[in-house]
Trainee: 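The following block contains the structure, expressed as structure tokens.
All of these numbers come straight from a predicted model, not from anything done at the bench. Side-chain atoms are counted along with the backbone in the values below, which use heavy atoms only and exclude waters and symmetry mates. Order of the sequence lines fixes the chain letters, A, B, ..., with proteins taken first and strands second; residue numbering starts at 1 for each chain.
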Amino acid sequence: MTDAGAALIGIAGLTRRYGALVAVDNVSMDVGAGEIRAVIGPNGAGKTTLFHLITGVVKPTAGHVRFAGEDITGLPAHAICQRGLSRTFQLTALFPQMSARENATLAAQARNPRRWLPFGGGNVFTQARRAGGAALELLGLAGVADRPAGLLSHGDQRLLEVAMAVAQEPTVLLLDEPTQGLSVEETAQVVETLSRFLEQSHVTALLVEHDMEVVFRLAHKITVLHRGAVIADGTPEAVKADARVQEAYLGGIE
Amino acid sequence: MRWPRALGLAFVALLIAAPFGLPAFAMTLLTELVILGLFAMSLDLMVGYTRLISFGHVAAYGLGAYASGYMLLNTSLPLPFVVILATLLTGVIAIGVGWVCTLATGVSFAMLTLAFAQLLYAIAFKWTSVTGGSDGLAGIPRRAGPMGLTLLTTKTGFYYFALACLIGSFLLCRKLVASPFGAVLRGIRENEAKTVSLGFNTRLYKIAVVAIAYALGGLAGALYAPFAGFANTELLFWLLSGQVLIMVIVGGSGTLIGPILGAAFFLLLEHQLSSVTEAWALFFGLIFIGFVLFAPEGIWGLATGWVKRREKPLAKVRLRD
Ligand SMILES: Nc1ncnc2c1ncn2[C@@H]1O[C@H](COP(=O)(O)OP(=O)(O)OP(=O)(O)O)[C@@H](O)[C@H]1O
Ligand SMILES: [Mg+2]
């Protein structure tokens, strides 16, 4: 992998307060290009908020996010996405009345400089449909592509959200609990698909995940959050052996 | 969807043929219908395609009407130029309106559009030198020209002009909603937060759609002033904003054609009922509630649904032969 000096994402002192609550507390971490980084921690540890801060959905109270050497702190979410960071949401966010294909196409359309064209747009659509279709194929959704997204199974909806992010051909993929709410079989299927994709694409990925098996299978490095703060950061083996992690998990998960 | 298309073309043919068969009073009603249909259709871009509910669309109508009325009374510009200028003026002002209103979302957005319409209403009352105050602008001419063209001064000629504006706007809107821009509007309609996080600056798209919707609403108003011969504060009254919103919903939002039918339905009902009872608005209200509860897809949705249901059994029968 890469050394810290060449980090693709550099997070420094990132903090977000909600009144007295510090949801994300002075978090610093570096993610290298091509790295798959898992962010774990008990419920309410601040993982989703950290993703919101990186992707501009929530503005930080303090601290900085650098991406590819540039400060992207506080930029609007659409601008950050345009720089190549695509994400999924913990609570599935789709366009329920559009077909899966239309969902993926719209995601891919965002990558086209002429995405706003108010007439015609045949080329914009052709390109977007190609990229969207490829992403659906990759995540095994080709068979349900023409069904309304709102009518897909929960598992397929989770996959569709990943497909939409993938259709944007991002530099960094942020996945917030892609297996949440899935059955054991569905989880296995999603993880299988994901690991195949991550291996093939060499994309940089940040992954929030509760399932430790999934984490240890996919991640190169792990960051552990507890009450908003980083309590451990390193290779899966190192993190597994960390006493504070054991404690946080034994004390933090009901 | 071959049926709706055929139906649409048949409608257009009927509208073009109308002056040859209808008496003068019916042509007056039909011209008003075309103008009101255009007004309702313009709102559908916001309500039906972007889920931007406006309680103040009358602002566009009134702006267009006063602008065209003022220009027809105080300049020697020919009618088509006046109409185009009034449309553009409304659209340009709407960029500012859209900018302010999209600072909010949902009900607050709707209230801000209403606030702007009420502001114009107050201005129309106070700025007497331009708007004629509570009397409004009267005696607005359908001036001849350009190049001595007198067609538009006649009732029939003006009807065709209004019809051309409606059909042109309809085709324009259809292109717009089928474009990449239109795809983003649908994204905003279904999940704006997701659309933002996919990398679309949704605020700009919303401002643009407000500007286009207001411009076309302004076009309708710009036609109304020379049609009626006057422009007064009633064209800026909040009641009309509510009524046009109801036309969109009753006709079928997100279909462009539905709101035109909604406007026709409204106008015909007003025409039929207002001679019978003072409380016709009440009846219209009840019908509106009925649609919301039992047929939220509106008149056009009911019609196309009915055709589709009939087509299916037919197809089966054909297969069996
Ligand atoms: N908008 C908000 N307003 C107030 N508090 C918030 C807000 N968003 C998050 N929080 C609080 O911040 C803390 C961190 O929440 P966050 O959703 O980031 O946790 P998480 O690690 O993603 O948890 P989970 O595993 O349950 O998804 C929680 O205590 C949460 O209640
Ligand atoms: Mg979370």
Trainee: Let's test your reading of the structure: which of A/P118, A/A107, A/A93, A/P76 forms the most heavy-atom pairs below 4.5 Å with chain B?
Mentor: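 Counting heavy-atom pairs under 4.5 Å, the top option is A/P118.
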Trainee: Measuring heavy-atom distances to chain A, does B/A178 have an atom under 4.5 Å in its side chain, in its backbone, in both, or in neither?
Mentor: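 It is the backbone, since no side chain atom gets that close.
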Trainee: Go through chain B and chain A and list any donor-acceptor pairs closer than 3.5 Å, backbone and side chains both.
Mentor:
from   : atom 1 : to     : atom 2 : distance (Å)
B/S179 : OG     : A/L117 : O      : 3.3
B/S179 : OG     : A/P118 : O      : 3.4
B/P180 : O      : A/Q109 : NE2    : 3.0
B/F181 : N      : A/L117 : O      : 3.0
B/E190 : OE1    : A/Q97  : N      : 2.7
B/N191 : ND2    : A/L94  : O      : 3.2
B/K194 : NZ     : A/A93  : O      : 3.4
B/K194 : NZ     : A/E161 : OE2    : 2.9
B/L198 : O      : A/Q168 : NE2    : 2.8
B/G199 : O      : A/Q82  : NE2    : 2.7
B/N201 : OD1    : A/H78  : NE2    : 3.4

Trainee: So, do B/F200 and A/L106 sit near enough that their side-chain heavy atoms are less than 4.5 Å apart?
Mentor: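 Yes, at least one pair of side-chain atoms sits under 4.5 Å.
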Trainee: Picking from B/L176, B/L204, B/I212, B/L172, which has the most non-hydrogen pairs under 4.5 angstrom with chain A?
Mentor: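 Max contact count across the listed options: B/L176.
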Trainee: Could you look at A/I80 and say if it's the side chain, the backbone, both or neither that has a heavy atom under 4.5 Å from chain B?
Mentor: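 When you check distances to chain B, no heavy atom of A/I80 falls under 4.5 Å.
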Trainee: Measure distances from A/V124 to the heavy atoms of chain B and classify the residue's part below 4.5 Å as side chain, backbone, both or neither.
Mentor: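 Side chain of A/V124 only, per the 4.5 Å heavy-atom cut-off to chain B.
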Trainee: Are the side chains of A/F95 and B/I188 in touch, meaning some heavy atoms are under 4.5 Å apart?
Mentor: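 No, too far: nothing below the 4.5 Å cut-off.
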Trainee: Could you have a look at A/A77, A/A110, A/A79, A/G122 and say which one has the most heavy-atom pairs with chain B under 4.5 angstrom?
Mentor: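 The option with the most such pairs is A/A110.
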Trainee: If you count heavy-atom pairs under 4.5 Å with chain A, which of B/V177, B/V196, B/L185 comes out on top?
Mentor: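 Top count of heavy-atom pairs under 4.5 Å with chain A: B/V196.
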Trainee: Answer with side chain, backbone, both or neither: which region of A/F125 has an atom nearer than 4.5 Å to a non-hydrogen atom of chain B?
Mentor: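 For A/F125, the contact with chain B is made by the side chain alone.
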